[in-house]
Every structure is written in C-alpha cells, then in structure tokens.
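Notes follow the structure.
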There are 2 protein chains.
Amino acid sequence: MVIRYAILGLLSWKPFTGYELKKVFADSVALYWSGNSNQVYPVLVQLHRDGLVTVRTEKSTGYPEKKVYSITPLGMSALTAWVATTAPELPQSRSIFLTQLAWADLLPKEDLASLLDRYEEEVTMRLAMHREKVRRRPAAPDRTPRETFLWEMIAQHEIVMLEAELTWLARIREGLV
Amino acid sequence: MVIRYAILGLLSWKPFTGYELKKVFADSVALYWSGNSNQVYPVLVQLHRDGLVTVRTEKSTGYPEKKVYSITPLGMSALTAWVATTAPELPQSRSIFLTQLAWADLLPKEDLASLLDRYEEEVTMRLAMHREKVRRRPAAPDRTPRETFLWEMIAQHEIVMLEAELTWLARIREGLV
DNA sequence: TGGGACATGTAATTTGTTACATGATTTT
DNA sequence: AAAATCATGTAACAAATTACATGTCCCA
C-alpha cells in the first residue's frame, strides 16, 4: 500500500499527527490522497503495530488529545528499501473522458464540440490550480539541493502532462473541423 | 460506474457475450479494464435488470450456454445521455513512481539512477506494447470517418502521454548530472 | 495427456472515498 | 450565533483486481 510509504516519507522529515498528515495530503502537489483522507488513521495504527513508527500522546487542554507520530529506525529502513527496490510502475491511465470520446460519435457536432470544450476547461482549470498550489507552496528548509530539485520535477510532472493533454486536445479540434 | 457505459458502447456496435466483452477490454487500447475483468458478468446482470440490454441464450453443443447481450433503445439513449452530459473528468494521476521519487533523496546516486533507468525502461516498454497493439488492431468496418478519427486520437493519447513522460524523465536526468 | 481457449459465474481482497459520530475552540 | 478549525476515529460504500469453482472442447 503506497500510502504507508507516503506517510513514512513525511515522518522522515519530522513528526506529524494524523490530522496534520491529512492536511499535507490534501494540499500536496506530489502526494495524491484526496480531500479528507481518513485512511491515515487506520494506516498509522498499522504502522505502529509494525514497529515502523512510535506515538507520543500530547494531553492538550480542551482539545481531544493529539497523537504525534515519529518514524523509527526500522521505519526509516523500510522506507528506504521501498523506494530503492519497488518496481517503478506506470499508472494505467483510466480516463473517463476517453471512454466518453469512444462513443462520442453518437453526438451531433455541437454536442461533441461542447464535450471537448468542457474537457479543455477542466484541464485548464486544473493546470491553473496546480500552478497556484506550486506558487504558494511553503519553502521547505533543511532539504538537500537534490531533494529540492526532485520535488520541483514532481511538481513539473503534472504541468507537463496537462500541457500534453491540451496539445492533444487541439489536435482533435483540428481534425474535426 | 464507467464500465456500464463502456459495455453499452460496445453493445451499440453489435451483440456480445460476457466472455467476448472481457477479451475486448483486455485487448483494447481505449478501454482500460484489466486482464481478466470478471466485473462484466455482474454488470451485465445489472444492465439487464435495468432494461438497458436484452439476453438471448444460445444453447451450444457441449460448451456452457452462451448469453448474447444486445442493447435496447433504452440502453442506447442512456448511453447517449451519459456521453453527452457526464462532466468530463481528468484522471487524477496517482503515480507510485512519483511517490518513490519524493523520497528518492534517501538513495545514493547510483540507486537513484537505477530507479530512473527502470522507470524509463517501463515507459519505453509500455510505449512499444501500445504501438504494437495499435498496429495489429483489427480494421473496424461500418464506422463513420468521424468515429474512426476519434478512435485514432484515443490511441494517440497514450502515445502522447508516454512520450511526454520520457521527455520529462530526460529533464530529470539532465538536472541530476 | 496436458494445456489453452471457451464460457459462466461467485467470493474474497484491496484500495480509496464519503458519510457519520463526537466534541471543544476559535474566528467571523 | 454560526461557521470553520482542531482532532480523533468508525462505518458504509464503491470499484477494481485476483482467486476460486466448474466443466467442455480442441489441438499439439
């Protein structure tokens, strides 16, 4: 399960609570678990059971008590091993839009055009949102230049893909005239 | 559920059995359900229950009896409505590789290089396989020129994306020297 | 005679999302 | 006074993959 290692990775920087991890995932340009990923809570329990993290409970006044998780040496080596040895997979692109396009010949010209318009708008919006996220991403201290570069390239990845999508869309438009 | 409409789409061409649909999905460059997608069987039952398809059972000698599914007028209009009105979504790219890369700074130079190599190999292989699939794709008769064009563009989509991936990878390599 | 294609299906598992439950505190 | 944020968690649902179960036919 990838989220295990995404969590371990974040904990390799500094301790986090489940709640904080959720927010990091929601805001991240690199890590993709969505909106309100309550998956973190059971996964943290699991990581703890496996000895990859430790917990320290902070009795805070009033609020429910915080559980601050830290990575263990065992966790660090599990993370490193995962990064080094996991076969790097390509995501199989499962695009709903492509399935729509496959039978878009059922539609009259205007409806097909409208479908393409709406998709382009979606891509453009996502591109803008992503750029905005990247722009207001907090400067992370204590990173090696190499790590900074890697994160920059991860952020670039989405941009490159969305731009390729737009180029491809333009080619469809040309062909349909 | 997208697979409902992928099935309806195929049935809009001609009747199919569940077994045949499975094979089409497995071989298709456009439709993504994987290897041995037994999902089709329960979905076909569901479509039948909803009146979007009809079944004709062919008593074949020896083999278990074939169930040939055909689309109904109701099914056709459900398909058309879906294509026309569903908001075209972008797949949120959930790449395991990017998660690995996010913490690849834990690795020594050679291991990082190896990770990139293996990923590039994966992308290149997928590109070759996809091109091969497209090349040996059977010529579909009875299609309008527009439909043929759309399917051509769907096949192109994967190629465009994989090539963008390779370009992006090359940029990482440059930056890491 | 053994494996693969034909043909149907069920069950289990995995992964991720969404909704629900609880309740204090801070901000508008 | 209402809404958002803090903070934990459970439960339900959805989608897709994989394994299992059954049995025939055909070809090497």
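Everything numeric here is computed off the predicted structure, so don't read it as measured data. Protein chains get the first letters and strands the later ones, always in sequence-line order, with residue 1 at the start of each.
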Inset, instruction - Would you mind checking if A:Asp117 and A:Arg173 are paired as a salt bridge, meaning a charged N to carboxylate O distance below 4.0 Å? - result: yes
Inset, instruction - Assign the ring pair A:Trp82 / A:Tyr5 to parallel, tilted or perpendicular, where the plane angle (0 to 90°) is split at 30° and 60°. - result: parallel
Legend entry - Degree of bending in the helix from C:dT1-D:dA28 to C:dT28-D:dA1 once both end axes are built from five pairs, to 10°: 30°
Legend entry - Separation of atom CZ in B:Arg4 from atom P in D:dA15, rounded to whole Å: 10 Å
Inset, instruction - In whole angstrom, give the distance that lies between atom CZ of A:Arg94 and atom P of D:dA14. - result: 18 Å
Inset, instruction - Give a yes or no on whether a salt bridge exists between B:Arg135 and B:Glu132, defined as a side-chain N under 4.0 angstrom from a carboxylate O. - result: yes
Inset, instruction - Pick base, sugar-phosphate or nothing for B:Lys22, based on heavy-atom distances below 4.0 Å to the nucleic acid. - result: base
Inset, instruction - Could you check how far NZ of B:Lys66 sits from C1' of C:dA5, rounded to whole Å? - result: 13 Å
Legend entry - N or O in side chain of B:Lys23 less than 4.0 angstrom from C:dC6 OP1/OP2: yes
Legend entry - Out of D:dT17, D:dT10, D:dA19, whichever nucleotide has its closest atom nearest the side chain of B:Asn38: D:dA19
Legend entry - Contact under 4.0 Å: B:Tyr19 side-chain N or O vs C:dC6 OP1/OP2: yes
Inset, instruction - Measure the shortest side-chain to side-chain distance between A:Leu162 and A:Glu158 over non-hydrogen atoms and say whether it is less than 4.5 angstrom. - result: yes
Inset, instruction - Establish, with yes or no, whether the OP1 or OP2 oxygen of C:dT17 is under 4.0 angstrom from a side-chain nitrogen or oxygen of A:Trp33. - result: no
Inset, instruction - Mind calculating the distance between CG (B:Leu21) and C1' (D:dA16) to the nearest angstrom? - result: 17 Å
Legend entry - Residues A:Arg118 and A:Glu120 bridged, charged N to O under 4.0 Å: no
Legend entry - Length of the line joining B:Leu44:CG and C:dA7:P, which is rounded to integer Å: 15 Å
Inset, instruction - Whole angstrom is fine here: how far is it from CD in B:Gln46 over to C1' in D:dA16? - result: 14 Å
Inset, instruction - With sequence neighbours left out, write down each residue that passes ring pair (Phe, Tyr, Trp, His ring centres under 6.0 Å) with B:Tyr119, or none if nothing qualifies. - result: B:Phe97
Legend entry - Charged N-O contact under 4.0 Å between B:Arg4 and B:Asp50: yes
Inset, instruction - On DNA chain C, check which nucleotide each of A:Met1 and B:Glu20 is closest to and give me the residue with the more 5' one. - result: B:Glu20
Inset, instruction - Nearest whole angstrom, please: distance from the P of D:dA11 to the CD of A:Gln39. - result: 17 Å
Inset, instruction - Please state how far atom CD in B:Glu58 lies from atom C1' in C:dA7, giving the value in whole angstrom units. - result: 12 Å
